[in-house]
Amino acid sequence: MKAIAIQRYGGPEVVEFLELPDPKTDPDAVLVRVKAAGVNPADRHVREGAADALLEVRFPLVMGWDLAGVVERVGPAVTEYQVGDKVIGCVRKDWVQNGTYAELVACPVRTLARKPASLDWAQAGGLPLAGLTAYQGLHRALAVKPGETVLIHAAAGGVGSMATQIAVALGARVIGTASEHNHGYLRSLGAEPVAYGEGLAGRIRQLAPQGVDAAFDLVGGTAPEVSRELVADPGRIASVVDTGVVDHGGRYVWARPDPADLAALGQLADSGRLTVNVAATFPLAQAASAQELLAERRTRGKIVLTVD
């Protein structure tokens, strides 16, 4: 099979388009022929070695966590799927080596769910990790309830746009920070947009004079500090960027593969309450360019690799 892999840490120059052996299929796994693979900030962090102290890494390392594709072979213990089933997955294993930037991926069934019928391949490939981060942040870390006001920092990004839609589906009022050129987009998702920059807390108080019930930080920087000014209960502040949020009583969010949560995301999509905005697609061979575009942090929605 062809795959995007690295054999050492570094910048875009270490990314290689390689021919590698087809994966073996464990008893509790299925072999998936990939149609699309989402590009996430975590991919670049792994490439650069930023996660080396946290993750067990082995080279050559095929990058990627997200996929959408078709089951090509099932392990002998698998009863959940059959050959030909369309699936999505957040494929995190016990060590980082056999990722989703590839034509074929062996996926433990605990990392998969059925592909939402309403999403095309690119949208489905961009859903799993960003969607799980948003869903688990709002449901588990923040326990958002109907009628509450939620502040989402970087609400127009890959995770933010999904978090906005999920919070709206929960019945919450959403205030979302974004660059001004994304304000119309946030309104279309059901959020009230606020511009970044100095005086952010004051602009939010103009919309919510009593503050907000919960805040979800997807950008870092001054966002945790602003959140603490606006949220009375520090336990209702969560971040996917700043681990220091825990020191102030908040929650750090690291998405966990969960078939039930993936299925819930699929149900939201098929009910029309969640869509995946694909900002750009790249062929698999151009994965390094896709990662660099994402690093600019100017995209609205998801960047996805397509696999022929």
Candidate pair H139 and L170, rule side chain to side chain contact (heavy atoms under 4.5 Å, CB included), full reasoning: CA-CA 9 Å; H139 277 268; L170 283 169; 3.5 Å; yes
Test salt bridge (Lys or Arg N to Asp or Glu O under 4.0 Å) applied to D261 and R140, step by step: CA-CA 11 Å; D261 289 351; R140 297 185 183 179; 2.7 Å; yes
side-chain hydrogen bond (donor to acceptor under 3.5 Å, both in side chains) between D66 and T100, worked out: CA-CA 6 Å; D66 282 348; T100 60; over 6 Å; no
Test log, rule salt bridge (Lys or Arg N to Asp or Glu O under 4.0 Å), inputs E72 and R33: CA-CA 6 Å; E72 190 154 295; R33 183 163 293 277; 2.7 Å; yes
Derivation and outcome, side-chain hydrogen bond (donor to acceptor under 3.5 Å, both in side chains), residues R47 and Q291: CA-CA 10 Å; R47 186 196 76 201; Q291 289 183 352; 2.7 Å; yes
L67/V91 under side chain to side chain contact (heavy atoms under 4.5 Å, CB included): CA gap, chis, key distance, verdict: CA-CA 8 Å; L67 63 72; V91 188; 3.8 Å; yes
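With hydrogens and angles ignored, the 3.5 Å screen pairs no side-chain donor or acceptor of R58 with any backbone N or O of N98. The backbone N or O of G220 lies less than 3.5 Å from no partner atom in the side chain of H153, so there is not a single donor-acceptor pair. The backbone N or O of V168 sits nowhere less than 3.5 Å from a side-chain atom of R173 that would complete a donor-acceptor pair. One N or O on the side chain of E13 and one on the backbone of G11 form a donor-acceptor pair closer than 3.5 Å. With D120 contributing its side chain and Q123 its backbone, the two residues share a donor-acceptor pair below 3.5 Å. When atom types are taken as modelled, the side chain of D28 and the backbone of P108 share no donor-acceptor pair closer than 3.5 angstrom. Here the side chain of D258 pairs a donor or acceptor atom with the backbone of A260 at under 3.5 angstrom. Put simply, the side chain of E103 gets close to the backbone of K2: a donor and an acceptor are under 3.5 Å apart. Distance alone, capped at 3.5 Å, places no donor-acceptor pair between the K302 side chain and the L127 backbone.
Rounding to the nearest 0.5 Å gives a distance of 9.5 Å between OG1 of T133 and CH2 of W254. The distance from atom CG of D22 to atom CG of L31, rounded to the nearest 0.5 Å, is 7.0 Å. Between the CD atom in E292 and the CG atom in L294 there is a gap of 9.0 Å [rounded to 0.5 Å].
No hydrogens or angles considered: nothing links the side chains of N40 and W65 as a donor-acceptor pair under 3.5 Å. There is a side-chain donor-acceptor pair under 3.5 Å between Y101 and D43. S118 and D270 share a side-chain donor-acceptor pair at under 3.5 Å.
Residue L129 is grouped with residue V109 when hydrophobic side chains (ILVMFWY) are merged at heavy-atom distances under 4.5 angstrom, including chains of intermediate members. Each of W121 and I4 belongs to its own hydrophobic cluster when Ile, Leu, Val, Met, Phe, Trp and Tyr are linked at side-chain heavy-atom distances under 4.5 angstrom.
Note on E148 versus R236: salt bridge recorded, some NZ/NE/NH1/NH2 to OD/OE distance being below 4.0 Å.
Around the CG atom of D233, the shell of radius 6.0 Å holds more than 12 heavy atoms that belong to other residues, nucleotides or ligands. For NZ of K86, the number of neighbouring non-hydrogen atoms (other residues, nucleotides, ligands) closer than 6.0 Å is 12 at most.
Counting heavy atoms from C-beta outward, H248 and I237 have side chains that stay 4.5 Å or more apart. Side-chain contact between F216 and V240 is present, with heavy atoms from C-beta onward closer than 4.5 Å.
When ring centroids are compared, F59 and Y9 come within the 6.0 Å threshold.
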